[in-house]
Amino acid sequence: MICEDGVHFPEHMTVAVIGAGPAGLGVARVLRDLAIPDVWVLERDKIGQSFRDWPAETKLLTPSFPGNVFGITDLNAVSYDSSPGWSLRTEHPNGPAYARYLEQAAEIYDLNVQCGVDVQSITPEDKGFTLHTNHGSFTADFVIWACGQFGAPSGKGLKGAELGRHYGTVDTWTEIEGDTAFVIGGYESGMDAALGLGANGKKVYVLDRGAPWLDGNKDPSASLSPYTQQRLSTFHAHLDIELIPDVDIEALQETESGVEIIARDGRSWVSEQPPILATGFGTGTRPVSEHFDYTDAGLPLLTQDDESTSQPGLFLVGPEVSHNGHLFCFIYKFRQRFAVVAHAIAGRMGVDTAPLEAYYDNNMFLDDLSCCEADKCLC
Ligand SMILES: Cc1cc2nc3c(=O)[nH]c(=O)nc-3n(C[C@H](O)[C@H](O)[C@H](O)COP(=O)(O)OP(=O)(O)OC[C@H]3O[C@@H](n4cnc5c(N)ncnc54)[C@H](O)[C@@H]3O)c2cc1C
């Protein structure tokens, strides 16, 4: 049953998966393969909502290519037997197209997805959890939190951040006024903003405390993707984009002529329009944060099964999963942990885990975390 009109779900479910993005749908599919009953995906808006909310011009950085039949699953697929490259007939899908792929996946895998349900908090019980939602309370034996980070734009402590405009709130770069634009942050979303603004004829300044566009880290979670590098080199001659490295922005301040952008070293710029904050996203676990412990960097602490270290039965899937300093913040990375979570739940329920062999065979079951260390990036 997929997002039918109205809200219909049982008062008790075996597994409640919160969030119908790639992480929630992907893990639900594995649980379905294990024939675990009463698995429900609860989504506060629509399937793939974060992708629907991307700027209209934004496309996936990771290329889609249907290598699945040779055991090389499409990088953007949520399952080993699907390929956005094949179904959408495009290599770099935009947000709405990728949301369409997710909808198709939910339908083909016959997942129970209920839209319009906002999970506001959870209470651990003697057995399982009570979930408190905008449609009342109900219970689940296990909860898998899959809410991503796009709904948590963050100015990362920048003073006066409210005077800027976060990347995640932009519908299209054509709606930004003025001839000149400032972008704070020069990693993926900052470059995406600069390319989108530059294509609309603006002079764009990108300010970053380092120079991510020069970083040669082998892990694309820590350096610009080839797709972005390629776009930069292709368009750099035509677009008026100035990359300004080594400038640590401390504050935004209102002035008569616009917003002053103030760096720690005393330099400053005035932007007529609110500067674009490409400063990243915070944690998507806020509604359940009391049930997680966090690292100093603000990442949820997880067991080897991606379960909360402080609350048994509560699991995390998606881009906030991290182990040994390695972030699983791309779909092709975090999908390798769906089967790990499903294996843990199945084990506690006494369910046969033989169907997970297919996940091993297709590189979709990363249970050996020894390769995931910050200095061994290509795990
Ligand atoms: C501009 C941009 C480009 C990107 N490009 C790539 C790329 O090329 N390749 C790649 O692998 N990754 C890319 N990413 C990252 C990728 O989009 C995320 O890692 C991915 O969306 C995370 O999937 P998710 O299912 O965890 O979260 P999401 O896709 O954010 O889905 C979470 C869902 O949970 C719902 N939700 C949130 N809170 C609640 C609640 N309390 N109750 C109920 N539902 C809730 C939301 O509405 C949403 O539908 C990009 C991200 C951005 C911002």
Side-chain angles (χ1 to χ4, degrees), residues 3 7 9 16-28 40-64 74-78 84 91-95 97-99 101-103 105-106 113-122 131-135 143-154 166-170 173 185 187-193 195-196 220-221 224-228 278-281 283-289 306 316-321 327-338:
C3 278
V7 171
F9 54 83
V17 180
I18 319 303
L25 297 173
V27 76
W40 281 79
V41 181
L42 305 174
E43 165 59 48
R44 69 175 167 203
D45 214 320
K46 291 186 177 151
I47 289 177
Q49 188 62 45
S50 301
F51 296 88
R52 296 173 196 270
D53 291 342
W54 278 7
E57 299 84 352
T58 296
K59 295 180 174 177
L60 282 171
L61 317 163
T62 38
S64 270
D74 184 321
L75 288 180
N76 299 317
V78 298
E91 191 173 276
H92 292 277
N94 64 16
Y98 192 76
Y101 155 75
L102 291 177
E103 263 177 355
V113 184
Q114 178 61 67
C115 293
V117 180
D118 186 9
V119 177
Q120 292 153 350
S121 64
I122 63 173
L131 285 82
H132 309 282
T133 79
N134 57 336
H135 287 282
V143 172
I144 303 179
W145 197 257
C147 291
Q149 295 176 282
F150 194 75
S154 167
H166 196 279
Y167 172 93
T169 68
V170 174
W173 299 110
Y187 183 48
E188 289 293 356
S189 57
M191 288 305 173
D192 191 50
L195 287 159
S221 298
L224 289 181
S225 65
Y227 181 59
T228 302
T279 39
F281 297 87
T283 179
T285 60
R286 203 160 295 132
V288 290
S289 57
D306 293 354
L316 181 72
V317 291
E320 280 190 79
V321 170
L327 277 172
F328 285 69
C329 65
F330 276 98
I331 295 158
Y332 74 89
K333 293 183 177 184
F334 65 66
R335 71 184 181 195
Q336 298 187 63
R337 302 291 294 172
F338 298 160

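For ligands, and for the atoms within them, numbers begin at 1 and follow the listed sequence. FYI, side chains are in, hydrogens and waters are out, and symmetry mates aren't considered; it's all heavy atoms of this structure.
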Return the residue, atom name and 0.1 Å-rounded distance of the protein heavy atom closest to atom 34 (O) of ligand 1.
G19 CA, 3.2 Å
Can you sort out which atoms of ligand 1 are near T58, meaning under 4.0 Å from one of its heavy atoms?
1 (C)
Check this for me: does any side-chain nitrogen of one of R337 and E320 sit under 4.0 Å from a carboxylate oxygen of the other?
no
Judging by distance only, is a nitrogen or oxygen of T62 under 3.5 angstrom from one on ligand 1?
yes
Could you tell me whether some N/O pair between V119 and ligand 1 is separated by less than 3.5 angstrom?
yes
For atom 26 (O) of ligand 1, the protein heavy atom that lies nearest, with its residue and separation
P319 CD, 3.2 Å
In the protein, which heavy atom is nearest to atom 6 (C) of ligand 1, and how far is it?
L60 CD2, 3.6 Å
May I ask you to list the atoms of ligand 1 that are less than 4.0 angstrom from any heavy atom of A146?
32 (C), 34 (O)
Centroid-centroid under 6.0 Å between Y167 and W173 rings
yes
Check: I331 N/O within less than 3.5 Å of ligand 1 N/O
yes
Using a 3.5 Å distance criterion without hydrogens, assess whether the side chain of S225 forms a donor-acceptor pair with backbone atoms of T228.
yes
How far is atom 12 (N) of ligand 1 from its nearest protein heavy atom, and which residue and atom name does that atom have?
F330 CD2, 3.7 Å
Below 4.0 angstrom from a heavy atom of V117, which ligand 1 atoms are there? Numbered from 1 as shown, please.
42 (N), 43 (C)
Does any N or O atom in R44 lie less than 3.5 angstrom from one in ligand 1, N or O only?
yes
Give me the residue, atom name and distance of the protein heavy atom closest to atom 15 (C) of ligand 1.
C329 O, 4.4 Å
Determine, using heavy atoms of G151 and all atoms of ligand 1, whether some pair is separated by less than 4.0 Å.
no
D118 N/O to ligand 1 N/O under 3.5 Å
yes
Has L75 got any heavy atom lying under 4.0 angstrom from an atom of ligand 1?
no
So, do L316 and F334 sit near enough that their side-chain heavy atoms are less than 4.5 Å apart?
no
Kindly assign one of parallel, tilted or perpendicular to the pair Y227 and H92, based on the angle between their ring planes and the thresholds 30° and 60°.
parallel
Evaluating non-hydrogen atoms only, which member of Y227, F51, W54, Y167 is closest to atom 51 (C) of ligand 1?
W54
Do the non-hydrogen side-chain atoms of L25 and F338 ever get within less than 4.5 Å of each other?
no
For A77, does its backbone N or O pair with a side-chain atom of R335 as donor and acceptor, under 3.5 Å?
yes
Closest heavy-atom pair and its distance - D45, E43:
N-OE2, 2.8 Å
Of all the non-hydrogen atoms in the protein, which one sits nearest to atom 30 (O) of ligand 1, and at what distance?
S50 OG, 2.5 Å
Side-chain contact, heavy-atom cut-off 4.5 Å: S289 with T283?
no
So I144 and I18, do their side chains get closer than 4.5 Å, heavy atoms only?
no
Hey, is the main chain of L61 close enough, under 3.5 Å, to the side chain of N76 for a donor-acceptor pair?
no
Establish, from distance only, whether the side-chain atoms of D118 and T133 form a donor-acceptor pair under 3.5 Å.
no
Which residue owns the protein heavy atom closest to atom 19 (O) of ligand 1, what's the atom, and how far is it?
F334 CE2, 3.5 Å
Under a heavy-atom criterion of less than 4.0 Å, does L42 contact ligand 1?
yes
If we only count N/O pairs under 3.5 Å, is F150 in contact with ligand 1?
no
Against heavy atoms of I18, which atoms of ligand 1 measure under 4.0 Å?
42 (N), 43 (C)
Side chains of S121 and P287 in contact at under 4.5 Å (non-hydrogen atoms)
no
Nearest non-hydrogen protein atom to atom 49 (O) of ligand 1, with distance, is E43 OE1, 2.7 Å
Quick check against the 3.5 Å criterion: does R52 have a side-chain atom that pairs as donor or acceptor with the backbone of I47?
yes
Please identify which atoms of ligand 1 are closer than 4.0 Å to at least one heavy atom of Q49.
47 (O), 49 (O)
Determine, using heavy atoms of S189 and all atoms of ligand 1, whether some pair is separated by less than 4.0 Å.
no
With a 4.5 Å heavy-atom cut-off, do V317 and F328 have their side chains touching?
no
Do A23 and ligand 1 have an N or O pair less than 3.5 Å apart?
yes
